[in-house]
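Beneath this line is the structure, given in structure tokens, with notes to follow.
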2 protein chains.
Amino acid sequence: MADRKTRRPSCTIDVVLLTAVGSQLAVLLCRAPEGREKWIVPWDAQRPQETMEGSATRIAKAASVGEPAWLEQVGAFGDGKRHPAESEISVAYAGLVPMGTPSPVGGVYAWFTLSDVPQLAPRQRLILDGAVTMIRGRMDQSPVAFRLLQQMFTLTELQQMYELLLGKRLHKASFRRALQAAWLVEPTDEWRSEGRGRPAQLYRYAPRKRRPAQRGIRLDLLSS
Amino acid sequence: MADRKTRRPSCTIDVVLLTAVGSQLAVLLCRAPEGREKWIVPWDAQRPQETMEGSATRIAKAASVGEPAWLEQVGAFGDGKRHPAESEISVAYAGLVPMGTPSPVGGVYAWFTLSDVPQLAPRQRLILDGAVTMIRGRMDQSPVAFRLLQQMFTLTELQQMYELLLGKRLHKASFRRALQAAWLVEPTDEWRSEGRGRPAQLYRYAPRKRRPAQRGIRLDLLSS
DNA sequence: TCAATAGTGTCTGTTAGACATTATGGA
DNA sequence: TCCATAATGTCTAACAGACACTATTGA
């Protein structure tokens with residue numbers, strides 16, 4: 001947001017950084033130095049010689065949560081909805097940050113769980129909702145759940161992440177069977193003991209090429 | 001593309017109109033009056049007081065194929081890739097036109113099957129690929145197949161459309177069972193006789209609310 | 001009549017979900 | 001020891017895919 005004092009940009013890049021906090025998704029917001037709302041989704045104008053994804057990466061890094069583990073464009077937003085930059089349109093990106101990443105210091109940035117998000121400019125509210133919808137919808141095409149976890153994780157943590165994203169409980173044995181069939185993870189020889197109970201083996205994300213065989217067409221999900 | 005003579009726009013709206021021709025997808029291109037490529041994806045600058053989707057609808061109508069039966073944003077494209085308008089970015093939309101819609105006359109617009117698409121400006125090539133990928137990926141969330149068919153269709157036509165979009169053969173009995181379970185279509189009392197063979201009953205798209213029950217998580221599709 | 005296509009019934013191998021059981025640590 | 005959690009084996013109902021069959025038209 002370094003260009004806020006320069007002329008009004010025609011297009012901004014807005015970055016919705018998401019992580020998991022407890023059993024909820026959380027978004028990184030930035031304290032607004034001016035304007036009607038107190039918090040904003042981080043944004044900036046695109047710089048010369050910079051790709052849009054490059055801008056998004058830079059904005060994410062400036063939020064001092066490091067480079068996001070995953071980044072993808074959500075789309076273009078505008079249509080007269082108000083934005084902190086008063087730009088005509090905004091190109092929104094969604095980024096994932098592994099849970100447990102140290103919170104940014106200084107109080108300029110802060111994580112808000114989705115149920116606690118303060119009022120935002122209308123366009124940024126749409127952008128946030130669009131980013132969350134996209135993340136939830138991309139789960140079965142991209143390793144979204146894995147990008148929200150640390151590099152090593154227990155299968156219970158992975159299942160809880162899927163439950164968080166899907167918004168429903170999953171069956172443990174079925175989940176693990178599906179995981180085995182999909183060749184997505186490999187066990188490490190480390191274990192983690194969490195309070196009482198048997199320690200859990202740690203796994204890492206290691207997708208393998210598979211036969212493209214799969215059963216069925218799923219028309220179920222279609223009626224929306 | 002009425003604004004081509006005005007100042008270079010910072011942002012264009014590009015519209016990828018798709019239909020089915022035989023057993024292939026086809027895209028509507030416009031003859032280019034100038035520039036390196038002979039054909040372009042229809043585009044124009046956004047007009048004042050117009051939403052982006054409004055612009056896309058207008059551009060589609062100008063291509064004289066009527067209002068598309070379905071329209072959705074693909075995303076923003078730019079990143080220095082060349083575009084007929086030399087604009088910084090383009091917001092791309094994908095639209096579906098029912099197959100059998102009379103071809104636009106005059107020779108300015110023409111349908112090209114995906115395997116016969118001529119050379120396009122690099123950004124427009126990316127836009128086209130992105131639109132096709134999005135359509136194929138949205139099949140199970142939007143009634144994409146139905147928007148490519150006339151309002152009334154036979155189940156064989158519907159199955160062929162799914163096969164076209166999925167790029168693989170489907171099993172007839174299973175397809176119909178899945179269709180019945182999904183409550184997506186309802187029979188009309190009309191029949192259509194096509195050459196020899198028993199006439200087929202015509203159906204229409206009529207989604208019904210269903211129980212949210214469905215089996216399984218499909219991690220299969222995940223390994224990319 | 002034959003050929004061609006529409007539409008349906010039945011069987012079978014696979015698998016999601018349920019349940020039970022074992023394994024292994026902490027209190 | 002008891003309890004809590006991890007991990008796995010077994011059973012069953014549901015379903016995808018295969019096959020066969022009937023139905024109905026045109027040639």
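Chain letters run A, B, ... following the sequence lines, proteins first and then strands; every chain starts at 1.
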B/Lys168 NZ - D/dG17 C1' separation (whole Å)
12 Å
The single option from B/Phe146, B/Tyr205, B/Tyr162 passing ring pair (Phe, Tyr, Trp, His ring centres under 6.0 Å) against B/Phe153:
B/Phe146
Could you tell me how far apart B/His171 (NE2) and D/dC15 (P) are, to the nearest whole angstrom?
17 Å
Return the set of residues passing salt bridge (Lys or Arg N to Asp or Glu O under 4.0 Å) with A/Asp129 (not counting sequence neighbours), or none when no residue passes.
A/Arg125
The side chain of A/Arg198 is closest to which nucleotide in this list: C/dA16, D/dA6, D/dG17?
D/dA6
Atom NZ of B/Lys172 and atom P of D/dT22: how far apart are they, to the nearest Å?
15 Å
Does a distance-only test, which skips hydrogens and angles, find a donor-acceptor pair under 3.5 Å between the side chain of A/Arg177 and the base of C/dG17?
yes
Integer-rounded Å distance: D/dA6 C1' and A/Gln160 CD:
13 Å
Using a 4.0 Å heavy-atom cut-off, does A/Thr156 contact any base of the nucleic acid, only the sugar-phosphate backbone, or nothing at all?
sugar-phosphate
What is the distance, rounded to the nearest whole Å, between atom CG of B/Leu170 and atom C1' of D/dA18?
15 Å
Nearest-nucleotide pick for B/Arg176, side chain only, options being C/dA6, C/dA4, D/dT8
C/dA6
Taking the nucleotide of DNA chain C with the closest heavy atom to each, which residue, A/Ser193 or A/Ala173, is nearer the 5' end?
A/Ala173
Looking just at side-chain N and O atoms, do B/Arg123 and B/Ser90 make a donor-acceptor pair shorter than 3.5 Å?
yes
Rounded to whole Å, the CZ-P distance (A/Arg169 to C/dG17) equals 13 Å
Whole-Å distance separating the CD atom of A/Gln201 from the C1' atom of D/dA6
10 Å
Among C/dA6, C/dT24, D/dA16, which nucleotide has an atom closest to any side-chain atom of A/Pro199?
C/dT24
Given atom CZ of A/Arg196 and atom C1' of C/dT24, what is their separation to the nearest angstrom?
15 Å
Taking ring-ring contact (aromatic ring centres under 6.0 Å, His included) as the test, write out the residues that go with A/Trp39, two or more places apart.
A/Phe112
Approximate separation, where rounding is to 0.5 Å, of B/Asp79 CG and A/Met52 CE
4.5 Å
